[in-house]
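We count residues from 1, following the sequence as given.
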Amino acid sequence: MRIGIFTESYPPLVNGVSTSILMLQHALEKEGHDVYIVTVGNDKLKYSIENDGKILRLPSINIAHLYDYKITSVYPIKAINIIKKMNLDVIHTNVEFTIGMFARVVSVKLGIPLVHTYHTKWEDYTHYITKNNKVLDKISKEAVKYLSVFFGDTTTTELIVPTEKIYNLFKDKYKVKKNIHIVPTGIETNKFYKENFSSKDISKLKKELNIKKKDFVILTVSRIAQEKSIDRLMNNQKKLLEKYPDFKLLIVGDGPDLDKLKELAKKLKIDDKTIFTGKIPLKDIPIYYQLGDIFVTASTTETQGLTVLEAMSASLPVVAVDDESFRNSVIDDLNGFKFNSDEEYIKEVSNIYEDKKLYNRLSNEARILSDNFSSDFFGKRVLKVYETAIKNYSEHNKKIINKIKKFFSKRKYKI
């Protein structure tokens with residue numbers, strides 16, 4: 001099968017969607033399929049073709065207020081001519097905006113079935129545009145809802161969501177009638193296995209970050225942004241330090257709120273117990289999981305939470321906020337705990353630290369459970385959706401044509 005993946009998130013950009021797509025690409029290629037990536041480049045004017053024609057980068061510009069995020073034209077004719085030569089069997093979009101719109105143009109123009117994965121609950125990100133203005137934010141959330149429904153229900157052949165949380169969003173709130181397939185995003189679990197890293201390399205990195213042998217490292221890996229609720233972890237770190245002075249909070253990642261959170265650390269007087277790594281290349285992320293003793297997250301804006309799966313693969317117990325995104329991966333008293341309040345968070349972290357038997361059991365189960373989210377399993381499930389899309393495409397086209405005929409018949413036009 002010849003598969004075209006259209007996305008604005010792809011390496012060298014580091015985020016959850018980028019990681020997911022790279023992993024899917026590898027899984028599909030391992031099964032013998034040809035995968036073509038259509039994404040953004042770093043130049044405002046130039047196209048670039050990489051990896052023997054398998055990666056097409058379009059001219060793009062950065063979006064103000066959205067850290068490291070780029071957009072491109074929705075109708076670059078030169079790109080359509082290049083994509084036509086790829087002879088794609090299916091298009092898989094992973095974003096709703098400019099490249100997502102462009103993919104839909106290509107789908108219609110070249111007659112290719114289109115599968116869409118909804119990765120990001122955009123309602124949780126409108127503050128970047130509205131600057132938290134309540135009136136503008138309400139309007140923006142409605143606009144985002146409309147776009148999500150339009151892309152999910154009107155223009156795609158099949159829709160993929162990673163969790164039941166997003167399935168319910170589309171079915172109950174957005175009232176989407178399209179086929180919705182719940183396919184949890186997988187990860188290349190073996191990349192994070194602790195036996196793949198030498199104690200020498202880990203010790204060297206710990207020394208660089210001023211992590212001592214006696215330190216108990218609370219790890220989070222995240223885009224450093226308002227919606228990730230890292231400030232909540234930091235406020236709880238201050239409380240934990242009153243009882244456990246050897247605790248250190250390791251925050252791996254970069255983002256628009258990095259300087260703000262560094263200031264917060266100083267204000268809370270925990271800056272000597274809080275480590276910010278800044279931006280880390282995607283290929284180097286796995287070793288940073290080896291520095292942690294437990295993994296924590298307070299984000300309620302995830303569609304699935306790939307960093308939790310990565311942490312599990314690295315045998316780390318997880319303490320996560322009780323959000324639907326984590327309910328399939330974090331099982332209380334098996335591989336970690338979920339919390340609803342700051343008091344619960346502090347209690348669970350403390351219990352894991354103090355009870356070595358509990359710690360070892362959670363660590364072992366985390367590693368075992370991570371195999372349920374392997375990239376191979378994920379790739380096979382996505383392929384099934386592609387096959388369904390190709391099978392249903394002609395029927396989908398008939399429905400679209402009938403809708404267009406119905407629209408024009410009411411206006412006494414003929415087509």
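Side-chain contact between I3 and Y36 is absent, with no heavy atoms from C-beta onward closer than 4.5 Å. For the pair P184 and F378, the minimum side-chain heavy-atom distance is 4.5 Å or more. Taking the side chain as every heavy atom from C-beta outward, Y47 and P59 approach each other to under 4.5 Å. Between V349 and L240, the closest side-chain pair of non-hydrogen atoms falls below 4.5 Å. Residues V106 and K84 fail the side-chain proximity criterion, which asks for heavy atoms closer than 4.5 Å. Looking only at side-chain heavy atoms (C-beta outward), F337 and L362 come within less than 4.5 Å of each other. With a 4.5 Å cut-off on side-chain heavy atoms, S20 and L306 count as touching. You'll find the side chain of I37 stays beyond 4.5 Å of the side chain of L56, heavy atoms only.
Remark: aromatic rings of Y353 and F247 are close, center separation under 6.0 Å. Between H92 and F6, the gap from one ring centroid to the other reaches at least 6.0 Å.
In this structure, the side chain to side chain contact (heavy atoms under 4.5 Å, CB included) partners of K214, at least two apart in sequence or on a different chain, are K212, D246. Applying the side chain to side chain contact (heavy atoms under 4.5 Å, CB included) test to I368 and every residue at least two apart in sequence or in another chain returns E365.
Interatomic distance, L233 CG to K228 NZ, rounded to the nearest 0.5 Å: 12.0 Å. Between the CZ atom of F216 and the OH atom of Y359 there is a distance of 6.0 Å, given to the nearest 0.5 Å. Atoms CD1 and OG1, from I187 and T19 in turn, are 9.5 Å apart once rounded to the nearest 0.5 Å. For the atom pair CG of L88 and CD1 of I112, the computed distance is 5.0 Å after rounding to the nearest 0.5 Å. Taken to the nearest 0.5 Å, the CG atom of N179 stands 10.0 Å off from the OG1 atom of T157. How far CG of L268 is from CG of L261: 10.0 Å, rounded to the nearest 0.5 Å.
Atom CG of N328 is surrounded by 12 or fewer heavy atoms from other residues, nucleotides or ligands within 6.0 Å. No more than 12 heavy atoms of other residues, nucleotides or ligands shown are found within 6.0 angstrom of NZ on K85.
E344 contributes a side-chain N or O that, together with a main-chain N or O of N340, makes up a donor-acceptor pair within less than 3.5 Å. Of the possible donor and acceptor atoms, one in the side chain of T220 sits under 3.5 Å from a partner among the backbone N and O of V296. Within the 3.5 Å criterion, the main-chain N or O of D272 finds no donor-acceptor partner in the side chain of K248. Under the 3.5 Å distance criterion, the side-chain polar atoms of E8 are matched with a main-chain donor or acceptor of I99. No donor-acceptor distance shorter than 3.5 angstrom exists from the side chain of R367 to the backbone of S363, with no hydrogens or angles considered. D89 places a side-chain N or O within donor-acceptor distance of the main-chain N or O of R2, the cut-off being under 3.5 Å. D332 places a side-chain N or O within 3.5 Å of a backbone atom of K338 that can act as its donor or acceptor partner. Proximity of a side-chain donor or acceptor of T274 to a complementary backbone N or O of D271 within less than 3.5 Å is not detected. A donor-acceptor pair is defined here as one N or O able to donate and one able to accept, closer than 3.5 Å; no such pair exists between the side chain of D284 and the backbone of I280. Counting only distance, with no hydrogens or angles, the side chain of S203 and the backbone of S199 share a donor-acceptor pair below 3.5 Å.
Between the side chains of D376 and S374, no donor-acceptor pair is found at a separation under 3.5 Å. Under 3.5 Å, the side chains of S299 and E227 contain no donor-acceptor pair of N or O atoms. Side-chain atoms of Q25 and Y10 include a donor-acceptor pair closer than 3.5 Å. Side chains of Q226 and D257: a donor-acceptor N/O pair is absent below 3.5 angstrom, by distance only. If you check the side chains of S198 and D201, you find a donor sitting under 3.5 Å from an acceptor.
What you find for A320 and F326 is that their closest heavy atoms are CB-CD1, 3.9 Å. Taking all atoms of both residues into account, the shortest heavy-atom contact from A265 to F276 is CB-CE1, 4.3 Å. Scanning all heavy atoms of the two residues, the minimum distance from I275 to L209 falls at CD1-O, 3.4 Å. For the pair S222 and I230, the tightest heavy-atom approach, listed with the atom from each and the gap, is OG-CD1, 3.9 Å. Closest approach of M234 to I270, counting heavy atoms only: O-CD1, 3.5 Å.
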K260 vs E263, test: salt bridge (charged side-chain N to carboxylate O under 4.0 Å, His left out). Steps then yes/no. CA-CA 5 Å; K260 188 186 293 185; E263 285 301 314; over 6 Å; no

Show the numbers, then the answer: is there a side-chain hydrogen bond (donor to acceptor under 3.5 Å, both in side chains) between S325 and K165? CA-CA 6 Å; S325 299; K165 171 183 178 179; 3.3 Å; yes

Evaluate the side chain to side chain contact (heavy atoms under 4.5 Å, CB included) criterion for residues L316 and L219: first the C-alpha distance (whole Å), next the side-chain angles of each, then the deciding distance (0.1 Å), finally the verdict. CA-CA 9 Å; L316 296 183; L219 171 71; 3.9 Å; yes

Walk me through whether Y244 and E354 qualify under side-chain hydrogen bond (donor to acceptor under 3.5 Å, both in side chains). CA-CA 10 Å; Y244 308 108; E354 292 180 359; 2.3 Å; yes

Could you give me the CA-CA distance, side-chain angles and deciding distance for V95 and V17, then say whether side chain to side chain contact (heavy atoms under 4.5 Å, CB included) is met? CA-CA 9 Å; V95 69; V17 176; over 6 Å; no

Please evaluate residues D293 and I218 with respect to the criterion side chain to side chain contact (heavy atoms under 4.5 Å, CB included), reporting the C-alpha separation (whole Å), side-chain torsions for both, the decisive distance (0.1 Å), and the verdict. CA-CA 6 Å; D293 290 295; I218 300 172; over 6 Å; no

Set out, in order, the CA-CA distance, both residues' side-chain angles and the distance that settles side chain to side chain contact (heavy atoms under 4.5 Å, CB included) for I390 and M1, then state yes or no. CA-CA 11 Å; I390 292 168; M1 192 182 295; 4.1 Å; yes

Salt bridge (charged side-chain N to carboxylate O under 4.0 Å, His left out) evaluation trace for D34 with K54: CA-CA 8 Å; D34 292 318; K54 291 292 183 72; 3.7 Å; yes

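Remark: R327 does not engage E164 in a salt bridge, criterion side-chain N to carboxylate O under 4.0 Å. Using a 4.0 Å cut-off between charged side-chain N and carboxylate O, K239 and E242 make no salt bridge. One finds no salt bridge joining K206 and D215 here, because no Lys/Arg side-chain nitrogen approaches an Asp/Glu carboxylate oxygen to under 4.0 Å.
Applying side chain to side chain contact (heavy atoms under 4.5 Å, CB included) to N94 and the options I5, V115, I160 leaves one that passes, I5. With Y289 as reference, F192 is the one residue of Y193, F192, F197 to meet the ring-ring contact (aromatic ring centres under 6.0 Å, His included) rule. No option in V90, T388, L28 other than L28 meets the side chain to side chain contact (heavy atoms under 4.5 Å, CB included) test with L383.
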